[in-house]
Amino acid sequence: MKILLVTIFLIPHVGGLWKYMQQIKQGLEALGHEVDMVGDRIDCFYVYGDDNRKVFKSHYRPMLESNLPAASPIFSDNWVRHSECERLCLELTLSYLDLEQYDVIHAQDVLAAAAVSRVKPAGIPLITSIHASVALTILDMIQNDQGIKPSSPQLVWNYYKSVENIGGSSSDQVLLASVWLRDVMVSHFALPESRISLIPYAMDILSFEDRLKKEHELTRPVDKKVIICTSRLSYEKGIHVLLEALGKLQTSRQDWECWLVGDGDQRSLYEERVRQLGIVGAVRFWGSRDDVPTLLGLADIFVIPSLMETLSYSVMEAQIAGLPIVSSDAGGLKEAVQHEVNGLLFQSGNDDMLTAHLSLLLEDEAYRGLLGKEARKWALAHRGLDSMVKRVLEVYRKEMSRAQ
């Protein structure tokens, strides 16, 4: 079987979508299937495969921009105009490729699905993984003034809501990783439940464990516990909530150090907030790293303070590392973290609850160990890559049979 994985977003990139694409590719190729990937590279769309082709957007963009009517209400907003240009560039790139060679096309977002649906041969199934609601994410960023300042917020919402509906409804089957996201797609975007397959994320556990055991020269602070958060430094990840909690924690105890592993558009703001809170010596910004397993192996407590999250690869990695998880209850996180069983949950955005949970785990070593042991046990039972790939293949074959 030959499969094309396609996304409108940047790859390679730090984040769950890229990890998912890598895991799917790895699992399918281990079973003898061929997998190509298409994704954005700013100035072009890049085809990861035998010849690693680049299709430059400059071939299309001048023509597209001159033909998108500026007077039309839908294109009067620059944000919508840019998004539609990107989608059409992807559509034309896919038209340039020989899509007939693929048995299945697996889109990784609704914008890519909308593009694929218009150019793919009729007999090839379109499967779409929706990793997050683009429309709700954009709406949240607009409402919280996070870098998106459209001239018409309502127009932008209507555009993305429309694309969400088109991308989902034009797919033969939609793969979702959490019950929470399924409920969102059904209630907000009228996606029929009959077209949904619920397949949680998974990972190559043995490979990750090998990286956990890899020799290194990193050291942890003396006589302090390490609280770690591996995440993009962006608003929706809730790092600002964690910083407020750490500021409060510092007033009662100083037997800890927090490691923030990742980068993002909010880093300078977070560094300034750390200075304001007087916790510079207790918070370390590591930036983007390729040795996350090593850092997890040195830590004592894992925190994920997200405001919006479908299901997190970072949580999976921390669970495999045997760390107790302190997680917000946002989105699908509570489907992986069971309160007082394999971690502790706090209300999303509630830094007082987060402070209390961190203080409890810092105080009680036995409880910390128990939650970490249960976290690892749960992940080993539910997050194996072979099972996820097998279920994805079942969807592929079912839709191929239906198309024939």
| query | Taking all atoms of both residues into account, what is the closest heavy-atom pair of Ala113 and Leu126, and its distance? | reply | O-CD2, 3.7 Å
| field | Ser234-Asp265 side chain donor-acceptor pair, cut-off 3.5 Å | value | no
| field | Heavy-atom donor-acceptor pair, Asp103 side chain to Lys2 backbone, under 3.5 Å | value | yes
| query | Say you draw a straight line from CD1 of Ile227 to CD1 of Ile301; how long is it, rounded to the nearest 0.5 Å? | reply | 5.0 Å
| Can you find a pair of side-chain heavy atoms, one from Leu296 and one from Leu323, that are under 4.5 Å apart? | yes
| query | Taking all atoms of both residues into account, what is the closest heavy-atom pair of Val292 and Glu317, and its distance? | reply | CG1-OE1, 4.0 Å
| field | Separation between CD1 of Ile105 and CG of Leu99, rounded to the nearest 0.5 Å | value | 4.5 Å
| field | Test item: Ser401 side-chain N/O and Arg397 main-chain N/O as donor-acceptor pair under 3.5 Å | value | no
| Within 6.0 Å of NZ in Lys224, more than 12 heavy atoms from elsewhere | yes
| Hey, what's the ring geometry for Tyr313 with Tyr201, parallel, tilted or perpendicular (30° and 60° as the breaks)? | parallel
| query | What are the two closest non-hydrogen atoms of Ile42 and Lys57, and how far apart are they? | reply | O-NZ, 3.0 Å
| query | Counting only N and O atoms by type, is there a donor-acceptor contact under 3.5 Å from the side chain of Asn350 to the main-chain atoms of Met353? | reply | yes
| request: Looking only at non-hydrogen atoms, find the nearest pair between Ser171 and Arg195 and report the distance. | output: O-NH1, 3.4 Å
| query | Do the rings of His339 and His357 sit parallel, tilted or perpendicular, given the 30° and 60° boundaries? | reply | tilted
| Closest non-hydrogen atom pair between Ala336 and Gln319, with its separation | O-NE2, 3.2 Å
| task | Verify, without hydrogens or angle tests, whether Ser187 (side chain) and Asp183 (backbone) share a donor-acceptor contact under 3.5 angstrom. | result | yes
| field | Ion pair Glu244/Lys248, N-O distance below 4.0 Å | value | no
| Short side-chain to backbone donor-acceptor contact, Arg220 and Leu298, under 3.5 Å | yes
| request: Mark yes or no for whether Asp300, through its side chain, and Val226, through its backbone, hold a donor-acceptor pair below 3.5 Å. | output: yes
| said: When you compare the side chains of Asp36 and Tyr102, does any donor N or O come within less than 3.5 Å of an acceptor on the partner? | reply: yes
| task | Check the angle between the aromatic planes of Tyr48 and Trp18 and answer parallel, tilted or perpendicular using the 30° and 60° thresholds. | result | tilted
| Rounded distance (nearest 0.5 Å) linking atom CZ of Arg87 with atom CD1 of Ile166 | 7.5 Å
| request: Go through the side-chain N and O atoms of Tyr20 and Ser129 and say whether any donor and acceptor fall under 3.5 Å apart. | output: yes
| Is Glu271 salt-bridged to Arg267, going by a charged N under 4.0 Å from an acidic O? | yes
| said: Please evaluate residues Ile320 and Leu380 with respect to the criterion side-chain contact (heavy atoms from CB on, under 4.5 Å), reporting the C-alpha separation (whole Å), side-chain torsions for both, the decisive distance (0.1 Å), and the verdict. | reply: CA-CA 7 Å; Ile320 296 300; Leu380 290 175; 4.1 Å; yes
| Salt bridge between Glu164 and Lys161, side-chain N to carboxylate O under 4.0 Å? | no
| So Trp378 and His382, would you call those rings parallel, tilted or perpendicular, with 30° and 60° as cut-offs? | parallel
| note | Interatomic distance, CG@Leu198 vs CD@Glu335, rounded to 0.5 Å, equals 7.0 Å
| said: Has Asp351 got a side-chain atom pairing as donor or acceptor with Val241's backbone, closer than 3.5 angstrom? | reply: no
